[in-house]
Peer 1: 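Encoded as structure tokens, here's the structure I'll be asking about.
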Amino acid sequence: MVASLSHQLSGVRSVTEDCHTSHPSNPRSAVVVGASLAGLMSALTLARVGLQVTMLERSTRKSRAGAALPVMHGLLEQLTGRSAPTGANAVPSGAQAWSDVHAALRSAAQAETRISMRAPVRVTDSGQDHESAWVVTDDGECVHADLVVGADGHGSVVRRHVVPEAPEAHFSGYVIWLGLVDECDLQSPPWPSDLAILYEGDYCLNAYYLPGADGSTAPGQRRVGWGWYDAGRNDLLRASGAVIDDVVRRTLRAGDIPARTFEELAEEAQQMWPDPWREAIRLCIRRGEVIGTPIGEYLPPRIASGRVCLVGDAAHLPSPMTGSGFSASAQDALALAEAIDGDRSRNDVLGALRRYEATRLAPSRQLVQSGRQFSLSIAPRGAAQ
Ligand SMILES: Cc1cc2nc3c(=O)[nH]c(=O)nc-3n(C[C@H](O)[C@H](O)[C@H](O)COP(=O)(O)OP(=O)(O)OC[C@H]3O[C@@H](n4cnc5c(N)ncnc54)[C@H](O)[C@@H]3O)c2cc1C
């Protein structure tokens, strides 16, 4: 159940008070910035080891059309330490639609009494002293806790505090167009396997079957997702403000994509990709149900500083072609809780976050580096293209 307003506001200080004022808490507490997948998973693991968690999320929009995630078996049990629910709140394993995974994790967080969720709340800054860490919201509130977890994605504000000398993820020189349709809306016969990775010149298409909205995996009742890597539209990304100064600022929604670009994509799909993927792409274009996510990458020099740490895409941003950003985020959440739980004296947050970093920094760097090869193959001149 989402906690009451008074509970949600515990730990919030007024605009005029100094964030440096100490705020000892018992039980221990965490502020998690960002309530997407990495934030939800971290909140669940931290609640499992006894922390009171406040989540702050700037957005009320919940969609990432087409993106598919590999979900490990027993994920929710690992995160919560409890048997997974059945039915609508379960997190099914295997390839799943981003929106379904998000909905299931969000339900689990809402059912956890140690987690409170505030949205929309935009965090603008973070800080710490020897007693506590805090974030500042856009209306000037200071929200204190024993630790702050930045789960605020590729353009992380919390990263500016943890890595002030290198806070930005850099644009990799390509966009991924994404779409999702019901298989029953397509006429073409199904593809013989669940996943296709196709290359044509400088383009790459990942296309896949996902369970239908009712969880069905029977042919004809599934959904068809696709992601089309395209290094040829960087002018549009810059002109629309989706990329500014080689930093990814936002995803292009259908309304941002000019009719001419849709026409070109439909024509290119016709020439390049086989059915049923071609049909799925052209249908999404006709419906205007396509988004374009410019891809950035971030190789972290560190993922923790004192009482503040990073998880998920805020910590390490690999090319989506690695297919591993989600499982790395789950590993972050598990490692963070293990480090905190291992803090037997119950007051050495700094030592716990050092242990978290020691566990997760090297694998995170390895993951990002593994995606660079693909990025260089599709956009050899990077953002300069
Ligand atoms: C197109 C695409 C395809 C992908 N495909 C795969 C795949 O096949 N396999 C895989 O494993 N991974 C994939 N990933 C990566 C995977 O989705 C992420 O690694 C994973 O979901 C973790 O994301 P996150 O929660 O860290 O960040 P995000 O999903 O970016 O969430 C960050 C959250 O923080 C909020 N936020 C940001 N700033 C603030 C602020 N200042 N104040 C408050 N809230 C804030 C945002 O609104 C958002 O909700 C893909 C990613 C993309 C973009």
Side-chain angles (χ1 to χ4, degrees), residues 7-36 38-39 42-43 46 51-59 115-169 247 298 300-317 332-333 336-337 339-340 343 346-357 360-361:
H7 175 73
Q8 290 177 24
L9 293 178
S10 68
V12 176
R13 305 189 66 80
S14 83
V15 179
T16 51
E17 282 176 288
D18 179 4
C19 286
H20 280 270
T21 309
S22 70
H23 183 80
S25 65
N26 188 16
R28 291 188 306 169
S29 60
V31 170
V32 175
V33 183
S36 187
S42 299
L46 291 174
L51 269 67
Q52 205 68 46
V53 182
T54 302
M55 302 194 76
L56 304 175
E57 168 58 51
R58 69 179 175 191
S59 164
I115 298 175
S116 62
M117 190 100 64
R118 295 177 59 197
V121 176
R122 179 184 293 272
V123 167
T124 56
D125 202 1
S126 55
Q128 61 182 305
D129 60 19
H130 60 286
E131 301 254 24
S132 71
W134 59 83
V135 297
V136 182
T137 68
D138 56 359
D139 58 6
E141 289 177 341
C142 299
V143 186
H144 283 259
D146 294 303
L147 67 145
V148 164
V149 180
D152 47 345
H154 66 92
S156 173
V157 167
V158 181
R159 197 194 286 139
R160 291 184 211 150
H161 181 82
V162 175
V163 196
E165 76 282 11
E168 303 281 19
V247 175
Y298 185 75
R302 78 185 70 85
I303 57 174
S305 170
R307 295 175 173 274
V308 182
C309 69
L310 303 170
V311 294
D313 289 0
H316 38 72
L317 188 61
D332 292 345
L336 179 59
I340 296 282
D343 171 19
R346 314 304 279 172
N347 57 14
D348 184 14
V349 173
L350 278 65
L353 294 193
R354 276 197 299 273
R355 282 197 298 282
Y356 163 66
E357 182 176 71
R360 290 299 302 150
L361 182 60

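In what follows, residues are counted from 1 in the order of the sequence shown.
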Peer 1: Looking only at heavy atoms, which two atoms of Leu353 and Gly306 are closest? And how far apart?
Peer 2: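 That closest heavy-atom pairing would be CD1-O, 3.2 Å.
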Peer 1: Side-chain contact, heavy-atom cut-off 4.5 Å: Val121 with Glu141?
Peer 2: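 Heavy-atom side-chain distance check fails, nothing below 4.5 Å.
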Peer 1: So, the side chain of Tyr356 versus the backbone of Leu310: is there a donor-acceptor pair under 3.5 Å, distance only?
Peer 2: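 Yes, because the side chain of Tyr356 sits within donor-acceptor range (under 3.5 Å) of the backbone of Leu310.
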Peer 1: How many angstroms lie between CE in Met55 and CG in Leu46, if you round to the nearest 0.5 Å?
Peer 2: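 These two atoms lie 9.5 Å from each other.
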Peer 1: Nearest 0.5 Å please: distance from the SG atom of Cys309 over to the CZ atom of Arg159.
Peer 2: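 Between Cys309 SG and Arg159 CZ, I get 13.5 Å after rounding to 0.5 Å.
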Peer 1: By side chain to side chain contact (heavy atoms under 4.5 Å, CB included), which residues pair with Asp125, not counting sequence neighbours?
Peer 2: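 Per chain and number, Asp125 pairs via side chain to side chain contact (heavy atoms under 4.5 Å, CB included) with Val136.
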Peer 1: For the atom pair CG (Leu336) and CD (Glu357), what is the distance rounded to the nearest 0.5 Å?
Peer 2: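 The CG atom of Leu336 sits 12.0 Å away from the CD atom of Glu357.
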Peer 1: Nearest 0.5 Å, please: how far is CG in Asp152 from CZ in Arg122?
Peer 2: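 The CG atom of Asp152 is 10.5 Å from CZ of Arg122, to the nearest 0.5 Å.
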Peer 1: Within the structure provided, determine whether Leu147 and Leu51 are in side-chain contact (heavy-atom separation under 4.5 Å).
Peer 2: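 They are in contact (side-chain heavy atoms under 4.5 Å apart), so the answer is yes.
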Peer 1: Would you say the side-chain atoms of Gln52 pair up with the backbone N or O of Ser29, donor to acceptor, closer than 3.5 Å?
Peer 2: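 No, because the side chain of Gln52 does not come within donor-acceptor range (under 3.5 Å) of the backbone of Ser29.
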Peer 1: How many angstroms lie between OG1 in Thr124 and CZ in Arg58, if you round to the nearest 0.5 Å?
Peer 2: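 Output value for this atom pair is 12.5 Å.
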Peer 1: Which pair of heavy atoms, one from Val311 and one from Ser42, lies closest together, and at what distance?
Peer 2: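 The pair with the smallest heavy-atom distance is CG2-OG, 3.5 Å.
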Peer 1: Would Asp129 and Trp134 satisfy side-chain contact (heavy atoms from CB on, under 4.5 Å), going step by step from the backbone distance to the final call?
Peer 2: CA-CA 9 Å; Asp129 60 19; Trp134 59 83; 3.7 Å; yes
Peer 1: Nearest heavy-atom pair of Ala119 and Ser59: which atoms, and what distance?
Peer 2: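 Here Ala119 and Ser59 meet closest at CB-O, 4.3 Å.
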Peer 1: Taking only residues two or more places apart in sequence, or in another chain, which ones meet Arg360 in a salt bridge (charged side-chain N to carboxylate O under 4.0 Å, His left out)?
Peer 2: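 Arg360 satisfies salt bridge (charged side-chain N to carboxylate O under 4.0 Å, His left out) with Asp332 only.
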Peer 1: Go through the structure and list residues passing side chain to side chain contact (heavy atoms under 4.5 Å, CB included) with Ala133, not counting sequence neighbours.
Peer 2: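 Ala133 satisfies side chain to side chain contact (heavy atoms under 4.5 Å, CB included) with Gln128, Val148, Arg307, Val308 once adjacent residues are dropped.
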Peer 1: Using the side-chain contact (heavy atoms from CB on, under 4.5 Å) rule, pick out the option among Val123, Val33, Val31 that qualifies with Val143.
Peer 2: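 Filter result, single survivor: Val31.
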Peer 1: Run the side-chain hydrogen bond (donor to acceptor under 3.5 Å, both in side chains) test against Thr137 and tell me which residues pass, sequence neighbours left out.
Peer 2: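 If we apply the side-chain hydrogen bond (donor to acceptor under 3.5 Å, both in side chains) test to Thr137, skipping adjacent residues, the hits are Asp139.
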Peer 1: Using the side-chain hydrogen bond (donor to acceptor under 3.5 Å, both in side chains) criterion, which residues pair with His154? Sequence neighbours excluded.
Peer 2: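 His154 satisfies side-chain hydrogen bond (donor to acceptor under 3.5 Å, both in side chains) with no other residue.
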Peer 1: Taking all non-hydrogen atoms of both residues into account, name the closest pair between Ala352 and Ala339 and its distance.
Peer 2: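 Taking every non-hydrogen atom into account, O-CB, 3.2 Å.
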Peer 1: List for me each residue that meets side-chain hydrogen bond (donor to acceptor under 3.5 Å, both in side chains) alongside Ser126, sequence neighbours excluded, and say none if there are none.
Peer 2: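 For Ser126 there are no side-chain hydrogen bond (donor to acceptor under 3.5 Å, both in side chains) partners, ignoring immediate neighbours.
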Peer 1: Under the side-chain hydrogen bond (donor to acceptor under 3.5 Å, both in side chains) rule, collect the residues that match up with Arg302, sequence neighbours excluded.
Peer 2: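 Testing Arg302 for side-chain hydrogen bond (donor to acceptor under 3.5 Å, both in side chains), a comparison that skips the adjacent residues, returns Glu165.
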